[in-house]
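Structure record follows, encoded as structure tokens.
First listed ligand is number 1; within each ligand, the first listed atom is number 1.
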Amino acid sequence: MVSEFGKTSKGESAKLYFMKNKNGMEIAVTDYGAALVKAAVSDKDKKMQDVVLGYDSAAAYEKGDVYFGASVGRVANRIGDASFELNGKTYELTANAGVNSLHGGRDYYNKRMWKAEKIEDRSVTFHLCSPKGDQGYPGNADISVTYELTDNNEIIIHYHAVSDADTLMNLTNHSYFNLSGHASGTVLKQEVMIAADSFTRADAESIPTGEIVPVEGTPMDFREYKTIGQDIEADYEALVFGMGYDHNWVLNGDGMRVVAGMRSKETGIAMEVVTDLPGMQFYTGNFLISEAGKEGAEYKKRHGVCFETQYFPDAVHKEHFEGPVVRAGEVYDTTTVYRFHTEA
Ligand code: BGC
């Protein structure tokens, strides 16, 4: 099913694409920003709960600056000093987070109209041509993001990109999850697990120092489920710098694997994050102040959390971090899955 999602300030008409599986789980995605707008999952009382934060119209997505549900690129997260060198040439980006570049720096991918292609009952592909020089990056890049809903209650997000010149590419999804329902308030009592033995230490500007720090004995240890609130106020450098959790975890293993989980005792709704990427930013909505959301909801600090699968932030400046250089003609292909189930 397709419905209108209003017009942008440029007069473009956005659409909302709905997909439903045999269990009644329903998601909606929009071509404005290739964003996930809705993910309604049945709770333990068989009531549908929309577990992602979002807005009611494309115009609200255009106004918002917290990346609800967004497809983020060309390079998600931060690049130190908003510049990088590739093949001996320096590229200048836009500094939009102090002196650093965050989530593309300018002309955000999530503030553009993507072209909906291959619209099927259970999947939609959004396509974006990102020309050479876009946001300061080299290479004409052909990018697509496909959302698919399966009968296993999985939202599969598949990223595919090719550039005609060497460039950087690090696409992610910036959905904020609240498994007690998008309008239910803070997530502090919900539990999270992250299958990572270490994280990348960052400075006060959230740029990795290059150190890989074991989580053992620190508030960053999510190897066993614990409530998000348990250690979030600890007097620990990373939490002080991030004003809560806002770091990259070094995910254990490689290939498609479960890297994180979250659950709400209140609704019984649980999710797992599966990805083939090496890192994940776990961000606890520390900078949400007051967002007027969908259906009259007001979202505040820590009303949702993001699991942003990625190459490590500032990898272009760290030789021992993998990615995010994509060579001319090389296919960038990664997949992240958000899988839901309900516990009694
Ligand atoms: C970043 C945060 C930032 C947020 C923007 C996250 O990916 O790590 O520092 O504030 O995105 O909403």
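- Listed by chain and number, residues touching ligand 1 at under 4.0 Å (heavy atoms only) are Val66, Tyr67, Asn77, Arg78, His103, His174, Tyr176, Asp246, Gln281, Tyr283, Phe287, Glu308.
- At least one donor-acceptor pair under 3.5 Å links the side chain of Asp50 to the backbone N or O of Ala39.
- Note: Tyr338 and Phe307 fail the aromatic proximity criterion, with ring centroids not under 6.0 Å apart.
- Judged as a side-chain contact (heavy atoms from CB on, under 4.5 Å), and not counting sequence neighbours, the contacts of Ser3 are Leu16, Phe18.
- Under a cutoff of 6.0 Å and an axis angle of 45°, Arg74 and Tyr109 do not form a cation-pi pair.
- Taking Ile, Leu, Val, Met, Phe, Trp and Tyr as members and joining any whose side-chain heavy atoms lie under 4.5 Å apart, directly or through other members, the hydrophobic cluster of Val72 also contains Tyr67, Tyr108.
- By the side-chain contact (heavy atoms from CB on, under 4.5 Å) test, Ser180 pairs with Asn178, Ser184, Gln190, Ser264, Glu266, Thr267, sequence neighbours left out.
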